[in-house]
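Below you'll find the structure, written out as structure tokens, and then a few comments.
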Protein chains: 2
Amino acid sequence: MFSKACEYGIRAAVYVALQSLEGRRVSVNEIAEEIDSPIAFTAKILQQLTRSKVIHSVKGPTGGFEIERTDMDTVKLSMIVHAIDGDDIYVGCGLGLKECNAKKPCPLHDKFVAIRTDLKKMLESTSLYELATGLEVGLTYLKR
Amino acid sequence: MFSKACEYGIRAAVYVALQSLEGRRVSVNEIAEEIDSPIAFTAKILQQLTRSKVIHSVKGPTGGFEIERTDMDTVKLSMIVHAIDGDDIYVGCGLGLKECNAKKPCPLHDKFVAIRTDLKKMLESTSLYELATGLEVGLTYLKR
DNA sequence: AAAATAAAGGACAATTTTATCCGAATTATA
DNA sequence: TATAATTCGGATAAAATTGTCCTTTATTTT
């Protein structure tokens, strides 16, 4: 469904949010450790998330990644997915046709649109805050 | 969502079904031409579909691929996807966690399960016959 | 029996994705 | 001001996916 990069990206963003709720800024190393992902690759993904303003980065000692409380509500999963995987999920035919739409649909078009609409709705309505608080109260996990 | 291989596989299977409805057996070349896919790669995928009994192949002159009318009802999209992409779509966590289940869910678990259940239902309830007949009456397309 | 046709299968090539490494830039602290 | 911690960015490597080519095998037709 999502690329590896996107999976790491979501997990990383949620972890950053969780720690920001505690007032902590976190380093790439800590993030990679805590979400169980390859360090250098995760660093690249964090750069993408920073460039697309999903999270905020601070250089130098005591630096790291953080996200403001208000942004946790604004930032939806859809933004993270878009920042990393582009609009693959939103655009494009399920069977890979270049031209596939209501006028000239592939055999799977309608059924596919239905599912993708649900997915899109889910991604657009789920905020980083929602995901982080689930973790905070110990209902969900990011590792293993 | 699906791999390229799987996209070609579904399109190929639907085309074979469509032609079988007309009593025609089709070659790799014709299939690749008609679904607009790379010939040799498509040949590999047809081999997989043949091995997993989604379609039937005949060697030699007048040979090619076909599928029996009764099998068009039995064969669901889920079988094709499974034959080519394995159980990726069915198993596994949306965020890539190795251990993710109701007891120890990732932050996206419930929302993800909901969407995947719909996808699974769709794949398991859609037959090759249904897809082929849509094509037959000119409602849907396989090219472009 | 020979020739021709078509799938099967193995080896290899290209591309994309995933992942690593290392030096440069930035900045807090001693 | 020097040092150390940290992100940034470029180059490269490894792995997976996508794609090609060529030989073998089966089978029909001549």
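Just so you know, these numbers use all the heavy atoms, side chains as well, and skip hydrogens, waters and symmetry mates. The structure presented is a predicted model; accordingly, all values stated were derived computationally and were not measured. Chain identifiers are assigned alphabetically (A, B, ...) following the order of the sequence lines, protein sequences preceding nucleic acid strands; residue numbering begins at 1 within each chain.
Residues A:Phe41 and B:Leu46 both approach DNA chain C. Their nearest nucleotides, taken by heavy-atom distance, put B:Leu46 toward the 5′ side. If A:Thr50 and B:Val58 are placed on DNA chain D by their nearest nucleotide, the residue sitting closer to the 5' end is A:Thr50.
At whole-Å resolution of the value, CZ in B:Arg24 and P in C:dA6 are 12 Å apart. Distance B:Ile39 CD1 to C:dA7 C1': 14 Å, rounded to the nearest Å. One interatomic measurement links the two molecules: CD of B:Glu7 to P of D:dT18, which rounds to 9 Å at whole-angstrom precision. Straight-line distance from the CD1 atom of A:Ile55 to the P atom of D:dC8: 8 Å, rounded to whole Å. Nucleotide C:dT26 holds its C1' atom 13 Å from the NE2 atom of A:His56, rounded to whole Å. The nearest whole Å value for the distance from the CG atom in B:Asp36 to the P atom in D:dG19 is 11 Å. One can place NZ of A:Lys59 at 14 Å from P of C:dA24, the figure rounded to the nearest angstrom. For the pair B:Asn29 CG and C:dA4 P, the interatomic distance rounds to 18 Å; values are reported in whole Å.
The nucleotide whose nearest atom lies closest to any side-chain atom of A:Phe65 is, among D:dT20, C:dA6, D:dC8, D:dC8. Nearest nucleotide to the A:Pro61 side chain, out of D:dC8, C:dT18, D:dA5: D:dA5. For A:Arg51, counting side-chain heavy atoms from C-beta on, the closest listed nucleotide (C:dA7, D:dG9, C:dT27) is D:dG9. Distances from the side chain of B:Ser27 to the nucleotides C:dA19, C:dA6, D:dG10 place C:dA6 closest. When each of C:dA4, D:dG19, D:dT7 is scored by its nearest atom to the side-chain atoms of A:Val28, the top-ranked nucleotide is D:dT7. Closest to the side chain of A:Thr62, out of C:dT18, C:dT27, C:dT29, is C:dT29.
B:Arg25 pairs in a salt bridge (Lys or Arg N to Asp or Glu O under 4.0 Å) with only one of the listed residues (B:Glu66, B:Glu68, B:Glu30), which is B:Glu66.
Ion pair A:Lys4/A:Glu7 flagged as a salt bridge, since at least one NZ, NE, NH1 or NH2 atom sits closer than 4.0 Å to an Asp/Glu carboxylate oxygen. Ion pair A:Glu124/A:Lys76 not flagged as a salt bridge, since none of the NZ, NE, NH1 or NH2 atoms sits closer than 4.0 Å to an Asp/Glu carboxylate oxygen.
Taking 4.0 angstrom as the limit, A:Ser57 places a side-chain polar atom (N or O) nearer than this to OP1 or OP2 of D:dC8. Distances shorter than 4.0 Å separate none of the side-chain N or O atoms of A:Tyr8 from OP1 or OP2 on C:dT18. Residue A:Gln47 places none of its side-chain N or O atoms closer than 4.0 Å to OP1 or OP2 of D:dT7.
Between B:Leu95 and A:Tyr8 there is no side-chain heavy-atom pair separated by less than 4.5 Å. Counting heavy atoms from C-beta on, the side chains of B:Leu119 and B:Met1 come closer than 4.5 Å.
Using a 4.0 Å heavy-atom cutoff across all strands shown, B:Arg25 reaches no nucleic acid atom at all.
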